[in-house]
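Both backbone and side-chain heavy atoms feed into the values below; hydrogens, waters and symmetry mates do not.
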Amino acid sequence: MSRLLRALALLLALAPAAQAAPVRTEHVEAELVAESAAAAPGRPATVGLRLKMDEHWHTYWRNPGDSGLPTKIRWTLPDGWKAGPIQWPYPEAQRVGPLMNYGYSDEVLLLVELTPPADAKPGPVAIRADADWLVCKDICIPEKASLSLPFAVAAGEPPAAAGNAALFSKARARLPVAVSGWSAESAIAGTKLTLRVLPPAGGVAPAKVSFFPFRENFVDHPAPQALVRDGNGVRLEVKLVEPVPADVKEVAGLLVAESSWPSHAGRKAVEIAMPVVATLPAIAAPVGAPAGEAGASLALALFFALAGGLLLNLMPCVFPVLGIKVMGFVRHAHGDARALWMQGAVFSAGVLASFLALAGLLLALRAGGTELGWGFQLQSPAFVTLLAALFFLMALNLFGVFEWGGFAQSITSNLSARGRYADAFLAGVLATVVATPCTAPFMGAAVGFTLAQPAPVSLAVFAMLGAGMALPVLALSFFPQALRKLPKPGPWMETFKQVMAFPLFATVVWLAWVLGAQAGNDAVISLLAGLLALGIGAWIYGRWARSEGFARFAFAAAFAAAGLWLAWPGAEAAPEKTGAAPAAKPGEIAWQAWSPERLAELRAAGTPVFVDFTAAWCVTCQVNKRVALNREEVVKALAARGVVALKADWTNHDPRITAALAELGRNALPVYALYAPGQSQPRLLPEVLTASLVVDEISKLPAAPAVAHSNPTVR
């Protein structure tokens, strides 16, 4: 027996690693490897199936997501040996068009424990495995391989396999661990799954967590997952594919942190099973926060909302509508005070009703699993088209091409009080609609506060925002002394009315540009043709205003209908997104396209990153770009600190950007995030920028190394 053991030891010494030559398929290199050079009788030994994929190809996790198949292994083992289940490393989310899959790219090691019987005799054994996997890129190819592993049973403690320690150490670091000391539960309402995870005493949940369910065809994989802080824990809202049966009592899967899981050093993934309860407790304030902090946060959000609403009146979106309405007050400033008060109150009611209606629709859609933010309606080319048509008709009305009820009654006609009040209400509605592309200072924090709040609190914040916007007009209606300094109504008002048409035409030009960014040049041409037809219809309606014949209305309506038909954007008009940002002009920032993967890659490399969350329809964004960002001093500051600039374009709906904004506590634009190396959270810059402010923030970063001149952020 001693000779046999010495021979076996010699055999193990001569084998530099317990593994066989890899097998090469069309897109994957596969092999079996072992952590130790042999197995002890009755004790498990860990072996692994190593799959190394070609560049841009991937295989799948145990739950492949929307498509794909998990890898399978069929073992051929000596008598009495047993193979355990595959130990799956945590996967990565892989978006493929509209689908979201879970899998592995580059290389993965799937670990399995093989256990010989307790009475296994020392000596060499043969291990065989038939592995099947699906490897995908633009297409998917089922592949397989028959693999063998020279192995042995050792009488004593088996030595480690030479050269494999680092491989297995890396694989074990990606294995999820059983979470200990944490409490977790879940609730299901329709198609919304809410996961609530609380840390042990003194702990804090990770800043960012993603849920990977074990159960297939359960969650809507591409839908973004909204993270909300709950005390020192988190809630994760996940959209389900469909309502689940009532007998579902538990939700199991992985929670993967962006950095590492607290209390489990170095591990990013934990395996967790959460019982399904009827309802979850109310969201708590952070543990250890001063008493009343939640109430103080609400009070601060209400104050910010009021201040932001007041400042909205200074934004270029709102001025044309408010200018027309305020000049309508001039008629009553020298006369009927009661009518002036009533118009101010009705205008304010229109603003408040519109803010609450938009907020209610936003909350309802988000509750249904749709991730949207403030200004979501302007992400629709159809809405942009209708708004452009409305402003175009308003401008023609102010020019006197036609007179139509409430559009001009406040400055030209002798309509009844009912007509004046209806016009005031509609002016409040319109002012709200055109205000959504703008974000005033303080407004972003106030609107972002609503992300983690119940509906009544959210509606209160939006109501305060509307109150702030309506307050100047309401105050002017109750204190008309300032208006009385203006000349009395007369011919000058007709001139002012026509002057006010030009900002409306400018708004139409801007909306056409927004539509082009959303749906391409063909949509802009269609819009212009439609506006031409609308203009002809408006001219017919006004040219024969004294005619009572049916032909006038018929021709005007026919041209109006033709105009809307021509202007309406087709579903096929949306431009293809290449993911590449347009080339920068000399002296401007060379933006790179934002994606969660690109941001994570840069942060992992220790590169400072500046992210501009923007949209073509966001007026504040466009103003900031021209007056603050595309300035020589800003470009030089970015280069000096080696900062990479990423642009997250929210012009069209992108749930990934919605989710990223939610993680920052925002759901309105603009948002500017500066990620410094080594810091888990970015610094958020104000909504309204100046070049000096941006330079000051960038200068707080450490200087770039000497190779910073090659930074692609600048041109």
Side-chain angles (χ1 to χ4, degrees), residues 92 206-210 227 257-260 268 444-445 448 579-615 618 620-621 624-650 654 656-657 659-666 669-715:
E92 58 191 31
K208 181 179 179 181
V209 177
S210 299
L227 184 73
E258 186 180 59
S259 52
S260 64
K268 298 179 67 173
K585 298 177 182 178
E588 291 187 353
I589 298 173
W591 298 98
Q592 298 181 22
W594 173 92
S595 70
E597 297 78 15
R598 179 58 175 153
L599 176 61
E601 175 188 348
L602 291 169
R603 295 190 65 193
T607 304
V609 184
F610 178 71
V611 181
D612 177 9
F613 293 90
T614 184
C618 171
T620 311
C621 303
N624 283 338
K625 182 169 67 175
R626 284 161 175 77
V627 305
L629 294 180
N630 282 334
R631 298 286 295 273
E632 183 179 359
E633 57 266 42
V634 174
V635 173
K636 289 182 178 179
L638 290 170
R641 294 298 190 270
V643 180
V644 173
L646 302 182
K647 178 178 291 186
D649 192 344
W650 210 29
D654 187 334
R656 299 180 305 164
I657 295 179
L661 288 171
E663 291 170 13
L664 298 175
R666 296 288 189 270
L669 298 180
V671 172
Y672 304 99
L674 183 61
Y675 293 84
Q679 295 184 4
S680 60
Q681 296 298 320
R683 293 201 299 272
L684 297 183
L685 277 60
E687 290 90 348
V688 177
L689 299 179
T690 63
S692 60
L693 185 151
V694 178
V695 170
D696 288 345
E697 289 295 331
I698 295 173
S699 64
K700 297 175 183 177
L701 299 171
V707 295
H709 65 272
S710 61
N711 190 328
T713 300
V714 294
R715 290 284 184 270

Sidechain-backbone polar pair: Arg641 side chain, Leu701 backbone, donor-acceptor under 3.5 Å
yes
First locate atom CZ of Arg631, then atom OG of Ser692, and finally report the distance between them rounded to the nearest 0.5 Å.
9.0 Å
Quick check: does any side chain N or O of Asn624 sit under 3.5 Å from a backbone N or O of Glu687, one acting as donor and the other as acceptor?
yes
Quick one: pull up CG in Asp654 and CG in Asp649 and give me the separation to the nearest 0.5 Å.
9.0 Å
Is Arg683 reaching over with its side chain to a backbone N or O of Glu697, donor-acceptor style, under 3.5 angstrom?
yes
Verdict with supporting geometry, Val634 and Asn630, side chain to side chain contact (heavy atoms under 4.5 Å, CB included):
CA-CA 7 Å; Val634 174; Asn630 282 334; over 6 Å; no
Residue pair Glu597, Arg656: steps toward the side chain to side chain contact (heavy atoms under 4.5 Å, CB included) verdict
CA-CA 11 Å; Glu597 297 78 15; Arg656 299 180 305 164; 4.1 Å; yes
Leu629 vs Tyr672, side chain to side chain contact (heavy atoms under 4.5 Å, CB included): CA-CA, chis, key distance, verdict:
CA-CA 11 Å; Leu629 294 180; Tyr672 304 99; 4.0 Å; yes
With a 4.5 Å heavy-atom cut-off, do Pro682 and Val611 have their side chains touching?
no
With Leu646, which of Trp594, Tyr675, Trp591, Phe610 fulfils side-chain contact (heavy atoms from CB on, under 4.5 Å)?
Trp594
For Glu601, give me all partners under side-chain contact (heavy atoms from CB on, under 4.5 Å), at least two apart in sequence or on another chain.
Arg598
Closest non-hydrogen atom pair, Ala637 against Ile698
O-CG2, 3.4 Å
Measure the shortest side-chain to side-chain distance between Val627 and Thr690 over non-hydrogen atoms and say whether it is less than 4.5 angstrom.
no
Considering all heavy atoms, the nearest Cys621-Pro670 contact
SG-CB, 3.4 Å
